Amino acid sequence: MATALHTFAGLSEVSNNVADWVAGVQQLTQPDRVYWCDGSAAEEQRLRGELLARGELRELNQKSFPGCCLYRSNPSDVARVEHLTYICSRSKDAAGPNNNWMDPAAARAKMRELFRGSMRGRTMYVLPYCMGPLDSPYARCGVEITDSAYVVLNMAIMTRMGRAALERIATEGGFVRGLHSIGDLDPARRFIMHYPEELSIESFGSGYGGNALLGKKCHALRIASWQARDEGWLAEHMLIVGLQNPRGETHYVAAAFPSACGKTNLAMLIPPASLPGWKVFTIGDDIAWLQPGPDGRLWAINPESGYFGVVPGTNASTNRNADQMIRRDTLFTNVGLTADNEPWWEGRTEGRPLTDWLGRPYNPDNGPAAHPNSRFTVAASQNPAYGREAEDPRGVPISALIFGGRRRELAPLVYEARSWQHGVLVGASVASETTAAAAGQVGVVRRDPMAMKPFAGYNFGDYWAHWLAVGAALKNPPRIFHVNWFRQNAAGKFLWPGFGENLRVLAWILDRCAGSAGAVETPIGNMPLTGELNTAGLDISPEALTELTAVPNAAWRKEIASFRQYLLEFGSHLPDAMLAEIDEVARRLAAA
Ligand code: OXD
Ligand code: MN
C-alpha cells in the first residue's frame with residue numbers, strides 16, 4: 001500500500017505512518033531535539049565528532065587503527081539480558097515455555113511510564129533502516145527511535161540505514177516500530193519488550209548491542225521469526241558462507257551456533273595450507289532469512305550489513321580476516337588499551353594492556369583486560385573474504401544446514417540427519433555451554449534448540465511444526481548436519497583443532513550433498529566412512545579421531561531420555577513427528 005509523502009525536518013520525503021508515530025513518541029518522551037538520520041557518511045562523521053567531543057567515545061591510535069574508536073559501556077550493561085526480555089503476544093501460550101511472557105496491555109502501560117519524559121535534555125534520533133538488500137523482496141524495514149548516538153553509529157554499520165530505507169517504507173507502508181531509550185541504565189528499570197502481533201519493540205534501560213540495536217536480535221530474529229511463520233519462511237540465528245572447491249564450484253551453507261561459539265570465525269574461515277584450492281566467501285555471520293525459492297531450494301539473505309563480533313580470541317591465526325578487518329573504521333566496545341593507545345584484548349598477540357575495559361590500570365587480579373563479551377562493530381564490506389552475493393536481492397541457494405553447540409562431551413565431530421524431519425529433531429537437540437554473550441553463569445550446558453532459545457519469538461512447539469512444514473514444501477531441501485568443534489578428552493584438551501581445519505568437515509558435508517561421499521549409519525545419524533574425512537596433513541592421533549566419532553550408547557540413551565522430557569514440556573504444541581523421530585532414535589540406540 002502506497003502512503004502519502006510529505007516534507008519533514010531535513011528529509012525531503014517521509015511516510016505519514018512514520019511521521020505520526022514519531023510525533024506521538026516525541027510527546028511521550030519529551031526530547032529537546034528530534035533528528036532524522038539520513039544515513040550519510042557526513043552524518044556519521046558529525047555524530048562521531050560529537051561523541052568524541054563529549055568524551056563518550058575515545059579515538060584510538062589513528063596511525064595503526066585509522067578511523068577506530070573505543071566506547072566504554074556502563075559496567076552494569078555489557079550483555080543481553082534474557083531474564084528481562086519478553087514476548088508480549090496476546091496469548092501466553094503463543095509465546096511458549098521458551099519465552100518470558102507479559103500481557104501486551106500490561107507491558108505497554110509499564111513501558112509508557114518508563115518512557116514518559118525519558119528523553120528530556122536529549123536528542124531523539126529517528127533511524128529508518130532496511131534489513132537485507134534494499135532491492136530484495138525478502139528484505140524488511142523498520143524504524144528505530146533512540147536517544148543513544150552510540151546506537152545510531154552501530155545501526156549505521158549493521159543495517160542499511162537512512163533515506164533509502166525511508167523511501168522503501170513510504171512505498172511499502174509497513175515497518176517494524178522500535179522504541180529505545182537508555183533511560184538511566186538502572187538494571188532494575190530495564191526491559192526489552194516485543195509485541196509480535198503489532199510488529200513493535202520497546203527497549204528501555206540498556207545501551208548494549210543485542211538489547212539496543214533493535215534491527216538485530218529484536219527485529220531480525222524475534223519479530224521476524226513470528227512474521228516468517230505467518231509468511232512461510234524462516235528467520236534463523238545462522239551464519240551464511242560460500243565455499244568454493246578446488247574445481248571452482250561454489251556452494252553455500254548456513255549454520256546455527258549459540259552466541260559466542262564461533263559463527264564469525266566459521267563465516268570467515270581461512271582454508272589451511274594443506275587444503276589448497278579452496279576459497280571461502282562470507283555472506284553473513286549471525287542471522288539468515290531463509291525463503292523457499294521458485295526452484296524448490298531454500299535461498300538465504302543476510303539481513304545485516306555489518307558484524308557485531310566478539311573481540312577476545314581474535315588474532316591472525318584464529319581469524320586472519322577479522323584481524324585485518326578490524327584495523328580500520330571499527331567501533332570497539334569494552335576492550336582494554338595499550339600504552340600506544342591501541343585496543344587490546346585477551347588473545348591479541350601484539351602489545352600489552354595498560355588499562356582494562358573499565359579504564360583502570362591493568363591488573364590481572366581484577367580480571368581480563370577486555371570484557372569477555374567485548375565487541376567490534378564493522379562494515380561487512382571490510383572483510384577480506386566478503387562475498388558480494390550478500391548484496392544479491394535473490395540471496396544465495398543453500399546446500400546444507402548445520403547445527404552445532406559448544407559441547408565438551410558426547411556430541412561427535414559431525415553427523416548427518418537421515419531426512420529433513422530427522423534434521424528438525426537434530427536442530428532442536430542443540431545444547432551448549434553458556435557464554436559471556438548473555439548475562440548469567442558461563443559454562444553450564446543448557447538446551448538451545450536451533451541456537452534460537454534467546455531469539456525465537458514464539459512457542460518452540462509451533463516453531464518446530466513450522467520448520468517441518470517449510471521442509472515438506474521444498475522440492476530440494478538442504479541436507480541437515482550437526483557438528484561439534486569443542487569436544488575435549490578426559491584431560492580437558494580439545495580433540496579437534498577447529499578454526500580453518502573445520503573446512504575438512506565442511507568438505508565432507510558438501511560431498512554428501514553432491515552424493516559423492518559415503519557414510520556409516522549410527523543410531524543418531526550418518527557419519528563419515530573411515531578415511532572419508534580428509535585428515536591429510538593434520539596432526540591428529542587415531543585415538544582422538546575414534547573419540548571424535550564415537551557414539552557411546554549408554555550416554556546417548558541418557559541424553560535422548562532427557563531431551564525427550566524437554567520436548568514434552570511443549571505439550572500439545574509439540575508436533576507428533578518430533579516424538580516419532582525421537583522414538584526412532586531411542587529404538588536404534590536400544591537395538592545397537
Ligand atoms: C550476538 C549474540 O551478539 O548472539 O550475536 O549475542
Ligand atoms: Mn548472535
Side-chain angles (χ1 to χ4, degrees), residues 71 73 77-85 98 131 150-151 154-155 157-159 180 192 194 203 206-225 234-241 254-268 282-290 300 302-314 319 322 326 330-335 345 370-378 380 383 402-406 427 430 432-442 446 448-457:
Y71 179 81
S73 74
D77 188 29
V78 292
R80 285 183 292 99
V81 282
E82 293 176 11
H83 59 297
L84 303 173
T85 299
N98 46 303
M131 302 309 294
Y150 167 75
V151 165
N154 276 275
M155 285 285 285
I157 297 172
M158 297 302 296
T159 72
H180 169 251
I192 326 291
H194 303 74
S203 166
S206 166
Y208 171 77
N211 304 325
L213 314 179
L214 301 187
K216 194 175 181 60
K217 305 299 189 182
C218 300
H219 177 167
L221 288 175
R222 298 195 191 97
I223 297 288
S225 60
L234 297 166
E236 298 299 323
H237 192 204
M238 290 181 172
L239 66 94
I240 310 165
V241 66
F257 297 85
S259 307
C261 285
K263 281 200 298 300
T264 305
N265 289 342
L266 189 63
M268 299 179 186
T282 317
I283 309 300
D285 82 324
D286 193 42
I287 299 176
W289 284 359
L290 301 151
N302 170 15
E304 301 187 286
S305 56
Y307 311 125
F308 180 68
V310 176
V311 189
T314 306
N319 188 338
I326 61 178
T330 300
L331 186 49
F332 288 92
T333 301
N334 293 339
V335 293
W345 53 87
H371 187 276
N373 192 34
S374 52
R375 298 282 177 147
F376 54 73
T377 318
V378 62
N383 171 9
I402 302 172
F403 293 105
R406 184 184 282 272
V430 169
S432 195
E433 291 154 29
T434 49
T435 67
Q441 209 186 339
V442 169
R446 76 160 179 183
D448 193 351
M450 276 78 172
M452 283 286 277
K453 167 71 184 72
F455 308 121

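Ligands are counted one by one from 1 in listed order, and the atoms in each one are counted from 1 as well. A quick note: this is a predicted structure, and the numbers were derived from the prediction, not measured.
- Protein atoms that are N, O or S and lie under 2.8 Å from the Mn ion (ligand 2) are these: K217 NZ, H237 NE2, D286 OD1.
- The atoms of ligand 1 that sit less than 4.0 Å from any heavy atom of D286 are 5 (O).
- Heavy atoms only, all atoms of each residue included: P303 and A220 are closest at CG-CB, 4.3 Å.
- Taking the six-membered ring where tryptophan is involved, the planes of F332 and W345 are essentially parallel, since the angle between them stays under 30° and well short of 60°.
- For K263 and F257, the positive end is not near the middle of the six-membered ring at less than 6.0 Å and at most 45° from its axis.
- Atom 5 (O) of ligand 1 has its closest protein heavy atom at K217 NZ, 2.9 Å.
- Within ligand 1, counting atoms from 1 as listed, the ones closer than 4.0 Å to a heavy atom of S259 are 2 (C), 4 (O), 6 (O).
- Ligand 1 has no nitrogen or oxygen under 3.5 angstrom from a nitrogen or oxygen of Y208.
- Taking distance alone, with nitrogen or oxygen atoms compared against 3.5 Å, K216 stays at or beyond that limit from ligand 1.
- Annotation: the span from R406 atom CZ to D448 atom CG amounts to 12.5 Å, rounded to 0.5 Å.
- Given atom 3 (O) of ligand 1, the protein heavy atom at minimum distance is R375 NH1, 2.9 Å.
- Residue contact annotation: K263 has no non-hydrogen atom under 4.0 Å from ligand 1.
- Of the possible donor and acceptor atoms, one in the side chain of N302 sits under 3.5 Å from a partner among the backbone N and O of I283.
- L84 CG to N211 CG: the interatomic distance, rounded to the nearest 0.5 Å, is 8.5 Å.
- Of the protein's heavy atoms, R80 NE, 2.9 Å lies nearest to atom 6 (O) of ligand 1.
- For ligand 1, the atoms sitting less than 4.0 Å from at least one non-hydrogen atom of F455 are 4 (O), numbered in the order shown with element in parentheses.
- Heavy-atom contacts of H237 reach the following atoms of ligand 1: 4 (O) (cutoff under 4.0 Å).
- Of all heavy-atom pairs spanning P258 and S432, the tightest one is CG-CB, 3.5 Å.
- Minimum heavy-atom separation, S374 to N334: CB-O, 3.1 Å.
- The side-chain hydrogen bond (donor to acceptor under 3.5 Å, both in side chains) with Y307 is formed by just one residue from the set N383, D285, D286; it is N383.
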